[in-house]
Amino acid sequence: MTNSPNIAFLAPHTTDFQIPDGWQRYETVAQLTQANSDVIVIDLPQEGLERAIIELRKSIYPLNLIFSARPANGPLFEQLGDGMLPEATDAVLPLYRLWQQRLHSFNRGQPSTTTEERVLAWLWSRPRSALVPVRAPRQAIPYYYPLVDVLTEDDTINAFSWLQLMQQQGLFAEGELLDRLRQCRECSSTRLNYIDVCPDCQTIDITRQPSLHCFTCGHVAPQESFLKNGTLECPNCLTRLRHIGSDYDRPLENLRCRSCNAFFEEPLVEAHCLDCQHINAPEDLKVREIRRYSLTELGRLKCRQGLTSSLRDDHFDQLNLINNGAFRTLLNWQIQLTHRYKSHATSLMAIKFENLEAAMEQVGEAGGIAAIDTLVSRIREAIRETDRCTRSKENLLWLLLPNTDIEGREALRNRILELAQLLPIAEHSGFRVVVDGYTLPMEMLPQEDAELIMARLSGKLGA
Ligand SMILES: [Zn+2]
Ligand SMILES: [Zn+2]
Ligand SMILES: [Zn+2]
């Protein structure tokens with residue numbers, strides 16, 4: 001961890017850039033993929049830069065820091081790269097250290113090989129990053145997710161379905177909605193031709209044609225066929241038509257099918273796929289939302305604790321955490337008891353670790369975890385066998401304290417706050433432990449159940 005990073009400079013031409021001592025110069029991506037660099041700096045105009053970074057991400061450098069030596073813009077480099085090289089090249093080192101530390105703490109230090117591991121590792125190693133779709137003009141689906149594409153070994157993976165799966169698993173959060181597409185049912189193409197057809201025979205050969213409607217016999221036909229020697233006469237029943245409204249009118253059906261001669265008011269609309277020629281009814285088209293995605297709290301938790309570990313397999317485990325559902329059941333049961341036996345008091349307490357993530361970054365992953373471990377074991381000493389704990393978010397811990405009145409609850413609260421004061425990370429700006437609670441039955445609202453009172457308390461904590 002203490003060695004300096006190998007920094008590669010990629011420029012297939014003479015360059016004005018003052019390459020610092022110790023950096024290794026490469027002329028091609030191929031040479032670079034034979035090397036073993038830690039950080040890459042690319043000196044290429046935009047198009048070359050984009051080509052190079054795609055190749056590099058697909059090679060042995062899926063996660064490494066890659067900077068551009070030139071002002072770079074464009075959504076592709078923004079998504080796949082790490083921005084412009086800092087003006088002071090010394091600044092690369094702390095960025096590298098931070099990146100290295102993050103990756104080291106990812107998935108318990110296991111190497112990332114699957115798409116899931118790589119994409120999670122990417123998001124984890126760049127805390128404020130997101131998966132951002134980029135426009136792909138003239139493609140059957142006009143958006144793609146470059147990061148998913150380059151970090152995927154298997155080309156057959158469908159990035160859209162994969163993202164949906166990750167979201168269903170609770171690892172990815174939906175971000176800003178950028179577009180909504182309608183796609184062919186058969187081939188998912190968005191290249192659709194919305195075309196008007198005859199509602200009777202579905203032919204596309206329809207035309208707008210002013211027509212008349214004879215009230216005597218009900219005949220509807222193009223208005224020319226009613227014209228006879230300058231007057232109007234029904235070609236079917238031969239009645240003279242004098243007064244619009246009483247003898248005849250203009251029907252709303254002024255579209256005519258040239259194939260079956262049907263008259264109609266509204267054509268049928270079909271969405272013809274230009275790629276596979278499937279004919280879709282508009283209401284049958286697939287609707288796809290194009291969004292950004294980022295890691296959820298659960299996603300970050302998994303990254304930290306190991307992707308295969310279960311939620312309770314971590315440093316909070318010594319509190320014998322029970323799952324949220326079981327906790328709520330117990331709380332509801334306590335609520336019933338307090339209704340039945342008025343003298344029975346039970347307390348609910350929530351402990352929120354504010355800016356835990358930021359504090360971990362400041363003191364380093366290992367230091368942060370050690371500090372939390374210490375706090376958690378002190379909390380364990382402060383509570384009783386019969387108390388129950390759960391966690392609803394990475395930074396929100398809940399305690400159910402049966403037979404504890406307001407006084408007892410306040411005593412425990414002060415104890416926990418004192419303990420938190422002793423933490424080495426407490427000195428760092430931002431990190432704070434907030435504790436609050438309610439005691440039942442006196443602080444309950446009428447009709448409140450476990451879920452509602454927990455929501456009220458977490459609102460009070462700003463969680
Ligand atoms: Zn027709
Ligand atoms: Zn008629
Ligand atoms: Zn199609």
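Read the numbers this way: they start at 1 and go in the same order the structure lists the ligands and their atoms.
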Participant: Charged N to carboxylate O below 4.0 Å: is that the case for D179 and R288?
Facilitator: no
Participant: With a 3.5 Å distance limit and no angle check, can you tell me whether T28 reaches the backbone of Q31 through a side-chain donor-acceptor pair?
Facilitator: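 Present.
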Participant: Mind telling me whether W398 and F327 have parallel, tilted or perpendicular rings, with 30° and 60° as the class edges?
Facilitator: tilted
Participant: Going by heavy atoms in the side chains, are R208 and N254 under 4.5 Å from each other?
Facilitator: yes
Participant: Closer than 2.8 Å to the Zn ion (ligand 2), which protein N, O or S atoms?
Facilitator: C214 SG, C217 SG, C234 SG, C237 SG
Participant: Answer yes or no: is there a side-chain heavy-atom contact under 4.5 Å between L95 and P86?
Facilitator: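 L95 vs P86: side chains touch.
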Participant: State, yes or no, whether a side-chain contact exists between L212 and R250 at a heavy-atom distance under 4.5 Å.
Facilitator: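 Of all side-chain heavy-atom pairs linking R250 with L212, at least one is under 4.5 Å.
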Participant: In Å, rounded to the nearest 0.5 Å, how long is the span from CZ of F9 to OH of Y26?
Facilitator: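 Result: 13.0 Å between the selected atoms.
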Participant: Protein N, O or S atoms less than 2.8 Å from the Zn ion (ligand 3), ignoring waters?
Facilitator: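 The answer is C184 SG, C187 SG, C273 SG, C276 SG.
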Participant: Is the NZ or CZ atom of R97 both under 6.0 Å from the centre of the six-membered ring of W99 and within 45° of that ring's axis?
Facilitator: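 Ring-cation test returns no.
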Participant: Is the distance between the ring centroids of Y143 and F160 less than 6.0 Å?
Facilitator: no
Participant: Determine the minimum heavy-atom distance between N64 and S37, stating which atoms define it.
Facilitator: ND2-O, 3.4 Å
Participant: Can you name the nearest heavy-atom pair linking L131 to P133, along with the distance?
Facilitator: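 Heavy-atom minimum between the residues: O-CD, 3.9 Å.
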Participant: Sequence neighbours excluded, which residues qualify as salt bridge (charged side-chain N to carboxylate O under 4.0 Å, His left out) partners of E176?
Facilitator: R292
Participant: Just to be sure I understand the site: which N, O or S atoms from the protein are less than 2.8 Å away from the Zn ion (ligand 1)?
Facilitator: C198 SG, C201 SG, C257 SG, C260 SG
Participant: Pick from K352, R456, K460: which one makes a salt bridge (Lys or Arg N to Asp or Glu O under 4.0 Å) with D436?
Facilitator: K460
